[in-house]
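Some notes on the structure that comes next.
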Amino acid sequence: MPNTALAAALFPNSLPTPEELEARYPARNLPEGARVTRFAPSPTGFLHIGSLYTAFVNQLTARVTGGVFFLRVEDTDKKREVEGGVGSLLKSLAAFGIVPDEGQAMGAETGAYGPYTQSRRRDIYQAFAKDLLLRGLAYPCFCTEDELSDLREEQEHEGAVQKGYWGKWARCRDLPADEAIRRAANGEAWVLRLRSSGVADKRIAFTDEVRGKIEMPENMLDAVLLKTDGVPTYHFAHAVDDHLMRTTHVIRSEEWLASVPLHLQLFSACGFKAPKYAHISALMKQEDGNKRKLSKRKDPEAAVSWFTRQGYPSYAVLEYLMCLISSQFEDWRRANPAALHEAFPFTLKKMSASGALFDPVKLIDVSKGVIAPMPGAELAARAGDWAREFDRQLADILAARPGYLAQILAIDRDGAKKPRKDISRYGEVREYASYFFDELFTPELPLPDSVTNADAAAILGEYDYSAEDGKDAWFGRIRDLAVRLGYAAAPREYKETPAAFKGHVGDVSAVIRAAVTGRLNTPDLWSICRVLGEERVRARIALAAARLV
RNA sequence: GGCCCGAUGGUCAAGCGGUUAAGACACCGCACUUUCACGGCGGUAACACGGGUUCGAUUCCCGUUCGGGUCACCA
């Protein structure tokens, strides 16, 4: 048996047998309908928003069905690996609520189907590779990079229908075993290739969970299974790992769709039952009227860390992703404001097969909806945490007055039937609250059109703020002042006979508002003044009045 | 270029043989309001094109166009 000698030469180390591995990783004992899914990132340390989306859908699928969601680190390409990549990836994922049931957790690994890091599964891949070789379904290839690129060029000239390593182009396919043994012994580098069973003009059909039935030509290529360093390619590792880890549903990005014929062939060659596939469309970005994939290089918002830095609550990003996952989500959310994502009646089939544009404007709206119901203290705590990481100056200012920001943010929020919905990210809090802090306050004095400088001076000169006043008394005082100065006591009155008045109360309170806050638009002024304190309110009014003369 | 996927308002999208073609975001307007924001009401705006099939196509089929993906010892 020439294959036996070849296999022994190529894989001299002792390896487990496929049977042993099958026994070591038995079928999972899960209830009917439970799905096993996974997220399999490369440890580049960079978490793409699209990857988060994919991970989220995987997790959701498992949770909704009472299955298992695990994480597997695909570190078969050392060139891409980044120091500390796994750790930062796990951290980002956790921050966004992606917490695998199995696999890498911070510093440890859980689950009975490990190891969950591909670089530690070498023997497992080799075992199946050797088995394939033994059964004549794989062969060593000694072609060098140069030879391969020559081949490509040749095919270019010949106008070959199908490019790549196959058929007559696959020079090492029928290398005699003794020659292969000799060359390997000589130290020639080799890769292990699949001896593809694909037949020209034959097609393969499968059902994609989101796209439905798909038909494609069979895979003809003798794909590389093991690289020269003995490490598997993605394709081979996918087949071995997802079989052994008993993945039921492979949910991944659209870009993998084209390699399904290869993957199916691999599963079949190895004698594995193929999983179900779901290819979800990539998140796109609008540019020059065209859609294109969010690019790690060109688009800062492709990185999940960008949203964190901007101060979007991670939960808001998830909520937005849910909107993309299902158009019914928003209605469901309105009906179930506090329900967990996994309670949503989610199915892969209802996902859109076309690529969605990532809409930052919509995210803002969703995020406002997430922040609005937070009590002032909670929002203040979160904004404070954010500031400590991304706005040190603000953090220091906040630290000097513990509890102050909570009071500020409680205005129009705590106990309000319609809490303010004007903050979309923690990064906006600084601007939102700036006039409450003397170090951030800019004493500008914008005036409504209907108010002249002289009138403004009169208003500020005569206005007397007292912290003792309840809201009604406080406003009554402003109303009286308005009437005294020739302004209508109510907007309605003014609208009916505009000629009789200079303006209405609103104009008068606008002047006070401007003096106290430096802006024309703010939350409830009475509340603001109470938080500011009588001393500062009076000082600001005096300061503004002085500027007018 | 081969293969594959996709196409409903500006965006996300329901609908999948007969509908006044939902809803959300954005935008505009109205009312409310001491400002703003929220909430409420109303409005502008869509089935890519051409052929079939059918009594009838946004829905089914075929082409076209456009967009996307893929053709590595990267994943």
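Letters A, B, ... are given to chains in the order of the sequence lines, protein chains preceding strands, and every chain is numbered from 1. Basis for what follows: all heavy atoms, side chains included, without hydrogens, waters or symmetry-related copies.
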Q. Can you find a pair of side-chain heavy atoms, one from A:Arg211 and one from A:Ile214, that are under 4.5 Å apart?
A. yes
Q.
Quick check for you: among B:A24, B:C32, B:C4, whose closest atom lies nearest to any side-chain atom of A:Lys495?
A. B:C32
Q. Which part of the nucleic acid, if any, lies within contact of A:Arg334, taking any heavy atom under 4.0 Å across all strands shown: a base, the sugar-phosphate backbone alone, or nothing?
A. sugar-phosphate
Q) What nucleotide, of B:U35, B:A75, B:C3, holds the atom closest to the side chain of A:Asn521? A) B:U35
Q.
Rounded to whole Å, how long is the line connecting atom CD of A:Gln118 with atom C1' of B:A75?
A. 9 Å
**Q.** Base-pairing assignment for B:G42 (Watson-Crick or G-U wobble, both under 3.5 Å)
**A.** B:C28
Q: Write down the distance between NE2 (A:His263) and P (B:C4), rounded to a whole number of angstrom.
A: 18 Å
Q: Measure from the side chain of A:Thr233, starting at C-beta and using heavy atoms only, and say which of B:C12, B:C73, B:C25 lies closest.
A: B:C73
Q.
If you only use heavy atoms from C-beta on, which nucleotide in B:U34, B:C5, B:U11 is closest to the side chain of A:Glu254?
A. B:C5
Q. From B:C4, B:C25, B:A75, pick the nucleotide closest to the side chain of A:His235?
A. B:A75
Q. Side chain of A:Lys163: nearest nucleotide among B:C5, B:G1, B:C25?
A. B:G1
Q. Distance between the C1' atoms of B:U19 and B:G52, in whole angstroms?
A. 25 Å
Q: Indicate, with a heavy-atom threshold strictly under 4.0 Å, whether A:Trp526 touches base, sugar-phosphate, or nothing.
A: nothing
Q: Report the residues that fulfil side-chain hydrogen bond (donor to acceptor under 3.5 Å, both in side chains) with A:Arg513, sequence neighbours left out, ordered by chain and then residue number.
A: A:Thr522
Q. Is any side-chain N of the basic residue among A:Arg195 and A:Asp222 closer than 4.0 Å to the acidic one's carboxylate O?
A. no
Q | Pairwise C1' distance, B:U58 and B:G15 [rounded to whole Å] | A | 9 Å
Q. Between B:G39 and B:C25, how far is it from one P atom to the other, in whole Å?
A. 8 Å
Q. Under 3.5 Å, is there a donor-acceptor pair between the A:Glu428 and A:Ser424 side chains?
A. yes
Q) With respect to the side chain of A:Met284, which nucleotide from B:G68, B:C12, B:C73 is positioned closest? A) B:G68
Q. Are OP1 or OP2 of B:U70 and a side-chain N or O of A:Ser259 less than 4.0 angstrom apart?
A. no
Q: Using whole Å, report how far CZ of A:Phe329 lies from P of B:A24.
A: 16 Å
Q: Would you mind classifying the nucleic acid contact of A:Lys78 as base, sugar-phosphate or nothing, using non-hydrogen atoms under 4.0 angstrom?
A: nothing
(Q) For the residue pair A:Ser42 / A:Glu81, report whether a side-chain donor-acceptor contact shorter than 3.5 Å exists. (A) no
Q: Flag the pair A:Glu74 and A:Arg72 as a salt bridge only when some basic side-chain nitrogen lies within less than 4.0 angstrom of an acidic carboxylate oxygen.
A: yes
(Q) Categorize A:Gln162 for me: base, sugar-phosphate, or nothing, with a 4.0 angstrom heavy-atom threshold over every strand shown. (A) nothing
Q: For A:Leu363 and for A:Lys213, locate the closest nucleotide of RNA chain B by heavy-atom distance; then report the residue assigned to the nucleotide nearer the 5' terminus.
A: A:Lys213
Q: Mind checking A:Glu215 for me? I need base, sugar-phosphate or nothing, with any heavy atom below 4.0 Å counting as a touch.
A: sugar-phosphate
Q | Length of the line joining A:Tyr320:OH and B:C12:C1', which is rounded to integer Å | A | 7 Å
Q | Side-chain N,O (A:Lys227) to OP1/OP2 (B:A75) below 4.0 Å | A | yes
Q: For B:G17 and B:U59, measure between their C1' atoms and round to the nearest Å.
A: 6 Å
Q) How would you label the contact of A:Ser352 with the nucleic acid (heavy atoms, under 4.0 Å): base, sugar-phosphate, or nothing? A) sugar-phosphate
Q | side-chain N/O A:Arg203 vs B:C4 OP1/OP2, d < 4.0 Å | A | yes
Q) What nucleic acid atoms does A:Pro491 come within less than 4.0 Å of, heavy atoms only: base, sugar-phosphate, or nothing? A) sugar-phosphate
**Q.** Proximity to RNA chain B (any heavy atom under 4.0 Å), residues of residues 413-433 of chain A only
**A.** A:Lys418, A:Arg420, A:Lys421, A:Asp422
**Q.** Presence of donor-acceptor pair under 3.5 Å, side chain of A:Thr228 and base of B:C73
**A.** yes
Q: For A:Ser327, report the nucleic acid contact type (base, sugar-phosphate, nothing); a contact means any heavy atom under 4.0 Å.
A: sugar-phosphate
Q | Gap between atoms NE2 and P, on A:His238 and B:C74 respectively (whole Å) | A | 17 Å
Q.
Which nucleotide wins on minimum distance to the side chain of A:Lys293, given the candidates B:C5, B:U35, B:U70?
A. B:U70
(Q) Can you check the distance between B:C28 and B:U44, where both ends of the measurement are the C1' atom (answer in whole Å)? (A) 7 Å
Q | Candidate nucleotides B:C32, B:A13, B:U35, ranked by approach to the side chain of A:Ala356 - the nearest | A | B:A13
Q.
Taking B:A57 as the reference, what is the distance to B:C5 when you measure between their P atoms (whole Å, please)?
A. 27 Å
Q) When we call it a touch if two heavy atoms are under 4.0 Å apart, what does A:Thr76 touch: a base, just sugar-phosphate, or nothing? A) sugar-phosphate
Q: Report yes or no: is there a donor-acceptor pair, N or O only, under 3.5 Å between the side chain of A:Arg80 and the base of B:C74?
A: yes
Q: Under 4.0 Å between any heavy atoms, over every strand shown, what does A:Leu520 touch: base, sugar-phosphate, or nothing? Just pick one.
A: base
Q: Establish, from distance only, whether the side-chain atoms of A:His279 and A:Glu255 form a donor-acceptor pair under 3.5 Å.
A: no
(Q) Between A:Glu218 and A:Arg203 (salt bridge meaning N to carboxylate O under 4.0 Å), is one present in this structure? (A) no
Q: Would you kindly give the CE-to-C1' distance between A:Met322 and B:G23, to the nearest whole Å?
A: 17 Å
Q: Indicate, with a heavy-atom threshold strictly under 4.0 Å, whether A:Ser354 touches base, sugar-phosphate, or nothing.
A: sugar-phosphate
Q.
If I pick the C1' atom on B:C16 and the same atom on B:U33, what distance separates them, to the nearest angstrom?
A. 46 Å
Q | pair A:Phe142-A:Val191: side-chain heavy atoms closer than 4.5 Å | A | no
Q: Look only at the side chain of A:Glu158 and the backbone of A:Gln155, and say whether a donor-acceptor pair between them is shorter than 3.5 Å.
A: no
Q: For B:C62 and B:A46, measure between their P atoms and round to the nearest Å.
A: 29 Å
Q) Is there side-chain contact between A:Phe358 and A:Tyr320, with heavy atoms separated by less than 4.5 Å? A) yes
Q) What integer distance in Å separates A:Tyr487:OH from B:U35:P? A) 15 Å
Q) Over how many whole Å does the gap from A:Asp359 atom CG to B:G9 atom C1' extend? A) 14 Å
Q) Is there a side-chain contact between A:Asp242 and A:Arg38, using heavy atoms and a 4.5 Å cut-off? A) yes
Q: Could you tell me whether A:Val191 contacts a base, only the sugar-phosphate backbone, or nothing, with contacts defined as non-hydrogen atoms closer than 4.0 Å?
A: base
Q.
Under 4.0 Å, counting only non-hydrogen atoms across every strand here, what does A:Ala510 touch: a base, just sugar-phosphate, or nothing?
A. nothing
Q.
What's A:Arg252 touching, base or sugar-phosphate or nothing? Going by heavy atoms closer than 4.0 Å.
A. nothing
